[in-house]
S.K.: 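Sharing a structure here in structure tokens format.
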Amino acid sequence: MTNDKTKTDLETIRHSAAHLMAQAVKQLYPETQVTIGPVIEDGFYYDFYRKSPFVPEDLEKIEKRMKEISLQSLDIIRKEMPREEALKMFDDMNEPFKREVINDIASNDPISVYTQGEFTDLCRGPHVENTKFLKSFKLLNTSASYWRGDERNKVLQRIYGTAWHTDKELRLYLKRLEEAKKRDHRKLGKELDLFSVTDEVGPGLILWHPKGSRIRCLMEDFWKEEHFKNGYEMVHSPHAAKVDMWKTSGHMDFYKDNIFSPMDIEGKEYVMKPMNCPFHIQIYKSRLRSYRDLPVRYAELGTVYRYERSGVLHGLLRVRGFTQDDAHLFCRPNQIEEEIIKVLDLILLILKSFGFNEYKVYLSTRPDKFVGSEENWEKATNALKQALEKSKLKYEIDPGEGVFYGPKIDIKIKDSLNRFWQVSTVQVDFNLPQRFDINYIEEDGQKYQPIMLHRALMGSLERFFGCLVEHYAGAFPLWLAPVQIILLPITDQNHEYSDEVFKKLTLSGFRVEKDLRNEKIGFKIRDAQIQKIPYMIVIGEKEQTNKILAVRKRRSKETITFTIDELTDKLSLEVSEKKLGESIQPI
RNA sequence: GCCCACAUAGCUCAGUGGUAGAGCACUUCCUUGGUAAGGAAGAGGUCAUCGGUUCAAUCCCGAUUGUGGGCUCCA
């Protein structure tokens with residue numbers, strides 16, 4: 001239940017808009033069968049079953065018909081009926097999918113249908129009272145889907161739409177979509193020369209250009225620094241390993257679909273690594289471990305390769321080769337909770353430093369198929385839960401969504417279109433310690449199996465960077481900006497002084513560029529603005545004679561005058577404090 | 001992988017069954033200009049790839065590859 005009346009109203013409008021769309025579709029294409037049509041964020045969709053897909057022209061026709069039906073001011077009438085009657089009615093209407101839906105409704109729940117004109121649909125409701133209340137809507141796109149979301153089932157044709165109280169709200173929403181497209185990391189990646197993906201290299205394999213790499217280096221440096229501060233050891237492992245190791249780990253069984261095909265090296269099969277864990281285990285196993293050594297924390301920026309079906313690739317957010325900011329912790333059972341809390345602290349530090357203050361936290365519990373004892377699962381899940389609560393994190397439980405080897409916490413952040421992407425994760429693993437038979441010597445001199453935790457903070461550097469680009473719309477805070485300062489001499493009489501300033505700022509550790517082109521100052525400013533460089537320094541006659549700098553900020557037109565030392569002090573502070581500056585809020 | 005759409009110059013995009021166009025960017029020249037585009041000239045394309053239809057294909061048809069929006073799956 002929600003107390004937010006506006007939201008509820010909007011949901012009702014959208015739900016009714018979905019019905020209106022279904023009615024229009026049935027009028028135009030009577031052979032089409034209806035399935036379900038729920039409300040989603042900012043709109044609705046309806047899935048239909050028919051031979052041929054909808055084409056863009058169909059959408060125009062359907063939308064036009066919806067408007068016509070709206071003008072007919074049809075009352076929308078609710079009716080409850082016995083299950084048998086409902087089944088018969090939808091059978092008579094030749095709507096077999098509705099039969100399945102009815103069969104899923106709990107036996108003590110009422111069966112209700114809504115009728116508007118000649119169109120009747122099974123629905124829990126509520127709905128608006130009359131089609132005339134549906135005016136501000138637009139059909140957006142189509143896609144294929146599967147009945148009940150299962151690809152073994154029938155292929156359905158989905159139409160997405162959006163609906164609002166007023167035309168003004170609709171226009172604002174469409175405008176918001178346009179704005180979101182402008183901050184798409186794929187578009188900005190090209191415009192700001194951050195990265196690329198080429199046909200020749202292959203889909204899902206990223207080329208980091210100098211400016212993107214610069215940011216990546218800063219992300220990595222910060223990451224390493226924090227890990228050394230927090231008791232982690234850095235390790236490095238190769239990009240490939242023998243298939244045998246992956247058989248031991250179990251990946252050849254349960255993760256085979258995601259592993260790149262093996263290659264034959266002198267008669268032995270090798271694969272590109274899809275994960276880093278077995279390597280870290282090898283390092284752990286390289287000598288005998290005492291309880292005094294635990295917890296052992298191995299961290300690696302490990303690049304992994306995973307086969308992903310071509311249709312799922314998406315810019316930097318879903319790729320086939322990516323670098324995980326991975327770590328594996330080996331600990332005594334009584335150390336788990338404390339370690340998880342520390343990991344959560346690190347996650348929050350990282351997210352905050354990069355300006356992500358909106359995220360969703362999920363706790364995934366035991367799935368149907370699992371390894372380890374129920375008792376251990378219970379303990380581990382509780383440890384995760386306790387840690388979440390002690391860290392004061394709000395979270396949702398994803399029942400049964402844990403991986404088969406242990407429960408986990410996932411954290412998701414969103415892109416410019418409000419789609420959530422998993423970045424951070426903390427997972428308990430009961431499987432690998434057993435498979436690789438790792439152990440440590442306890443106080444009592446006996447061997448025990450350590451508990452293993454997998455964890456990543458940014459998840460994949462590619463994905464995290466992609467979200468970062470969208471979060472800031474390419475206007476990175478000073479500490480991350482690939483070019484922090486650009487010098488804009490007004491005439492070539494000012495080049496010499498520009499060189500002097502350039503040297504001083506560069507020696508102070510800033511990333512500086514000079515624009516020595518034979519162009520007017522307005523042109524250079526425009527260019528620097530498009531490149532989203534945080535600080536522009538205009539250098540002309542006045543500055544040169546007085547040995548000062550005229551500084552213009554990226555997002556305000558005001559110019560402030562500084563000496564070089566003043567500016568250096570001010571900006572050094574902005575960098576060292578990782579000030580977020582002018583982060584744009586996502587939509 | 002599945003459904004639909006798309007693929008033309010470095011970028012953004014027009015366009016036609018008879019051998020290709022703009023703007024920006026690039027190169028050269030003129031201009032030395034004070035806070036979001038000064039002017040001129042030039043160079044740049046096997047119209048994604050392969051096949052078919054046709055006297056003739058960038059355009060029509062098919063396949064392939066890639067991209068986009070979803071579905072399924074996931075960091």
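Throughout, a chain's letter reflects where its sequence line sits, starting with A, and its residues are numbered from 1. Note that these values count all heavy atoms, side chains included, but never hydrogens, waters or copies made by symmetry. Keep in mind that what you see is a predicted model, and the values were worked out from it rather than measured.
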S.K.: Under 4.0 Å between a side-chain nitrogen and a carboxylate oxygen: does that hold for A/R318 and A/E462?
M.R.: no
S.K.: For nucleotides B/U72 and B/C3, find the distance between their C1' atoms and express it as a whole number of Å.
M.R.: 12 Å
S.K.: Would you say the rings of A/Y395 and A/Y362 are close, in the sense that their centroids are separated by under 6.0 Å?
M.R.: no
S.K.: Work out how far the P atom of B/C24 is from that of B/C60, and round it to whole angstrom.
M.R.: 30 Å
S.K.: What are the atom names and distances for every N/O pair under 3.5 Å that joins the protein to nucleotides 22-30 of chain B?
M.R.:
none

S.K.: Say you pick atom C1' in B/G15 and the same atom in B/C29; how far apart are they, in whole Å?
M.R.: 33 Å
S.K.: Applying ring pair (Phe, Tyr, Trp, His ring centres under 6.0 Å) as the test, list every pair that has at least one member in residues 407-426 of chain A; sequence neighbours left out.
M.R.: A/H314-A/W421
S.K.: Can you list every pair that meets salt bridge (charged side-chain N to carboxylate O under 4.0 Å, His left out) and has a residue in residues 50-61 of chain A, with sequence neighbours left out?
M.R.: A/E31-A/R50
S.K.: How about A/Y232 and A/Y298: are their ring centres within less than 6.0 Å of each other?
M.R.: no
S.K.: Identify, with sequence neighbours excluded, every residue that meets side-chain hydrogen bond (donor to acceptor under 3.5 Å, both in side chains) alongside A/Q157.
M.R.: none
S.K.: Please confirm whether A/F260 and A/Y307 have ring centers closer than 6.0 angstrom.
M.R.: no
S.K.: With sequence neighbours excluded, what pairs up with A/K557 under the salt bridge (charged side-chain N to carboxylate O under 4.0 Å, His left out) test?
M.R.: none
S.K.: In whole angstrom, give me the gap between the C1' atoms of B/U54 and B/C61.
M.R.: 12 Å
S.K.: I would like to know whether A/T198 and A/E200 meet side-chain hydrogen bond (donor to acceptor under 3.5 Å, both in side chains); could you show each step before the answer?
M.R.: CA-CA 5 Å; A/T198 72; A/E200 269 190 296; 5.6 Å; no
S.K.: With a cut-off of less than 4.0 Å, is there a side-chain N or O of A/R152 near OP1 or OP2 of B/C2?
M.R.: no
S.K.: Using side chain to side chain contact (heavy atoms under 4.5 Å, CB included) as the criterion, list what pairs up with A/D429, not counting sequence neighbours.
M.R.: A/Y405, A/N431, A/L432, A/P433, A/M452, A/H454
S.K.: Check for me whether the distance between the ring centres of A/W208 and A/F322 falls short of 6.0 Å.
M.R.: no
S.K.: For A/Y173 together with A/W164, are the ring centres under 6.0 Å from each other?
M.R.: yes
S.K.: Going by salt bridge (charged side-chain N to carboxylate O under 4.0 Å, His left out), name the residues that satisfy it together with A/K412, two or more places apart in sequence or in a different chain.
M.R.: none
S.K.: Answer with yes or no whether A/D492 presents, from its side chain, a donor or acceptor under 3.5 Å of a partner atom in the base of B/U32.
M.R.: yes
S.K.: Can you name the residues that form a side chain to side chain contact (heavy atoms under 4.5 Å, CB included) with A/A24, not counting sequence neighbours?
M.R.: A/I62, A/R65, A/M66, A/I69
S.K.: Assign A/E543 to base, sugar-phosphate, or nothing according to its heavy-atom contacts below 4.0 angstrom with the strands shown.
M.R.: base
S.K.: Check the interface with nucleotides 7-12 of chain B: list each N/O to N/O pair with the protein under 3.5 Å, or write none.
M.R.:
{"from": "B/U12", "atom 1": "OP1", "to": "A/K190", "atom 2": "NZ", "distance (Å)": "3.2"}

S.K.: To the nearest 0.5 angstrom, please state how far the NZ atom of A/K181 sits from the CG atom of A/L417.
M.R.: 8.0 Å
S.K.: Walk along nucleotides 68-75 of chain B from 5' to 3' and tag each nucleotide B, S or - by protein heavy-atom contact under 4.0 Å, base first, then sugar-phosphate.
M.R.: SBBBBBBB
S.K.: Expected output check: what is the dot-bracket annotation of RNA chain B, where ( ) and [ ] are pairs inside the strand (brackets for crossing ones), | is paired with another strand, and pairs are Watson-Crick or G-U under 3.5 Å?
M.R.: (((((((..((((....[..)))).(((((.......))))).....(((((..]....))))))))))))....
S.K.: Please work out if A/I490 contacts a base, only the sugar-phosphate, or nothing of the nucleic acid, heavy-atom cut-off 4.0 Å.
M.R.: base
S.K.: In terms of side-chain geometry, is the basic nitrogen of A/E226 or A/K342 positioned less than 4.0 Å from the acidic oxygen of its partner?
M.R.: no
S.K.: Determine the Euclidean distance between corresponding P atoms of B/A43 and B/A48; express it in Å to zero decimal places.
M.R.: 24 Å
S.K.: Pairs under 3.5 angstrom, nitrogen or oxygen only, protein versus nucleotides 58-62 of chain B, please.
M.R.:
none

S.K.: Whether the side chain of A/E541 and the base of B/G33 hold a donor-acceptor pair under 3.5 Å is what I'd like checked.
M.R.: no
